[in-house]
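Below is one structure; the comments refer to it alone.
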Amino acid sequence: MASPRRPREDQESRDPRASALVSVIEPTVTAHGLHLEEVDLASGPTTTLRVVVDFAAGTEQVDLDTVAGLSEALSAVLDGADVLTEVASYDLEVSTPGATRPLTEPRHFARNVGRLLEIEREEGAPVVARLEEVADDGVVVAEQRPAPKKGMPVKYGDPVEIAFDAIRRARVQVEFSHKE
C-alpha cells in the first residue's frame, strides 16, 4: 500500500536519541505481537521514554494486560541493554495511539473500517464519512448527510473513493452510539 506521506506535525522536534532506541525496543514489541508506532524521548524535570504500540492489522484493541506485560518486558530489555546511560533515571510510558490520533498510514485506516472519520482533503470541503473500505491507493467512504430533522436517523451518501494523496488530515470521530 502506498503511504499517505506526511510525517506527524511534531516529528521534527523529537529527541534524536529516540530513533536510536527503536532497534532496542522493536524486537520486544514485535515478540508481543504488536507494531511499534512511535518512540519519543522527552526531557524535562524527569526524562520520559514514551512507546506507542498497536496491532499491525485488524480492528481489535490492545488490552491493558498486554500493555502491562510489554511495559515490564521493555523495562528489562532497556535495563539490560544499558541504554540512556547519560540519564540518571527515566520514566517508561507504554500506551496505544488513542482514538483520535491522526490516521497517517494505510494500516491506520484499515484498523478503522466501519468507523466515522473526519477527513480534510487537499482540495474541497472537509467531510465526515463512514469508512467502508481501504484500497492500495486510497479509501472508500460514505459521506454523512445531516439529519433533516432533529432526532431523525443520519443518512449516508453513495460510496466515493478518496486517494491517499488527496487527504490532508484524517481522524476518527468518537461515537457514543453507533448501530451497525
(request) Determine the minimum heavy-atom distance between F55 and G33, stating which atoms define it. (result) CD2-O, 3.6 Å
(message) With clusters defined by side-chain heavy atoms of hydrophobic residues (ILVMFWY) lying less than 4.5 Å apart, directly or transitively, does V52 cluster with V94?
(response) no
(message) If you define the side chain from C-beta out and look only at heavy atoms, does anything of L116 sit under 4.5 Å from V172?
(response) no
(request) Run the salt-bridge test on E93 and R50 with the 4.0 Å N-O cut-off and return the result as yes or no. (result) yes
(request) Only pairs at least two apart or in different chains count here, so list each salt bridge (charged side-chain N to carboxylate O under 4.0 Å, His left out) that has a residue in residues 61-74. (result) none
(message) Can you give me the closest heavy-atom contact between T28 and H32, atom names plus distance?
(response) O-ND1, 2.9 Å
(message) Rounded at 0.5 Å granularity, tell me how far OG1 in T48 sits from CG in L41.
(response) 8.0 Å
(request) Applying side-chain contact (heavy atoms from CB on, under 4.5 Å), run through R111 and D54 and close with a yes or a no. (result) CA-CA 10 Å; R111 288 195 39 74; D54 202 358; 2.9 Å; yes
(message) Less than 4.5 Å apart, side chain to side chain, heavy atoms only: is that true for L78 and V24?
(response) yes
(request) Grab the two heavy atoms, one from P106 and one from V134, that are nearest each other, plus how far apart they are. (result) O-CG1, 4.0 Å
(request) With the side chain counted from C-beta on, respond yes when I25 and L49 share a heavy-atom pair under 4.5 Å apart, and no when they do not. (result) yes
(request) Output the distance between atom OG1 (T104) and atom CZ (F109), rounded to the nearest 0.5 Å. (result) 8.0 Å
(message) Could you check whether E105 pairs with R107 (Lys NZ or Arg NE/NH1/NH2 to Asp/Glu carboxylate O, under 4.0 Å)?
(response) yes
(message) Are Y156 and V140 linked, directly or through intermediate hydrophobic residues, by side-chain heavy-atom contacts shorter than 4.5 Å (ILVMFWY only)?
(response) no
(request) Indicate yes or no: at least one non-hydrogen side-chain atom of H35 is less than 4.5 angstrom from one of V53. (result) no
(message) Tell me whether E161 at atom CD has more than 12 heavy atoms from other residues, nucleotides or ligands lying less than 6.0 Å away.
(response) no
(message) Let me confirm one number: the CD-OG1 distance from Q61 to T66, rounded to the nearest 0.5 Å.
(response) 11.5 Å
(message) Rounded to the nearest 0.5 Å, what separates atom OG1 in T30 from atom CG in L36?
(response) 7.5 Å
(message) Any salt bridge linking E175 with R130? Criterion: basic side-chain nitrogen under 4.0 Å from a carboxylate oxygen.
(response) yes
(request) Take R169 and I167 through the test side-chain contact (heavy atoms from CB on, under 4.5 Å) and record every step on the way to the result. (result) CA-CA 6 Å; R169 211 171 84 166; I167 298 172; 5.7 Å; no
(message) Tell me if a side-chain donor or acceptor on S71 pairs with a main-chain N or O of V67 at a distance below 3.5 Å.
(response) no
(message) Quick one, L34 with L70, criterion side-chain contact (heavy atoms from CB on, under 4.5 Å). Give me CA distance, side-chain angles, the key distance, then yes/no.
(response) CA-CA 9 Å; L34 299 168; L70 176 60; 3.8 Å; yes
(request) Locate the shortest heavy-atom distance separating V141 from A129; write the atom from each residue and the value. (result) CB-CB, 3.6 Å
(request) Might you point out which heavy atoms bring E122 and D165 nearest each other, and give the distance in Å? (result) CG-O, 3.6 Å
(request) Kindly compute the distance separating CD1 (I162) from CD1 (I119), expressed to the nearest 0.5 Å. (result) 4.0 Å
(request) Of all the heavy-atom pairs spanning D79 and Y90, show the shortest one and how long it is. (result) OD1-OH, 3.8 Å
(request) Go through H108 and E37 one step at a time and tell me if the side-chain contact (heavy atoms from CB on, under 4.5 Å) criterion holds. (result) CA-CA 10 Å; H108 294 162; E37 287 285 338; 2.9 Å; yes
(message) Are R145 and V154 packed together at the side-chain level, in the sense that at least one heavy-atom pair is separated by less than 4.5 angstrom?
(response) no
(message) Measuring from atom CD of Q173 to atom CG of N112, what distance do you get when rounded to the nearest 0.5 angstrom?
(response) 12.5 Å
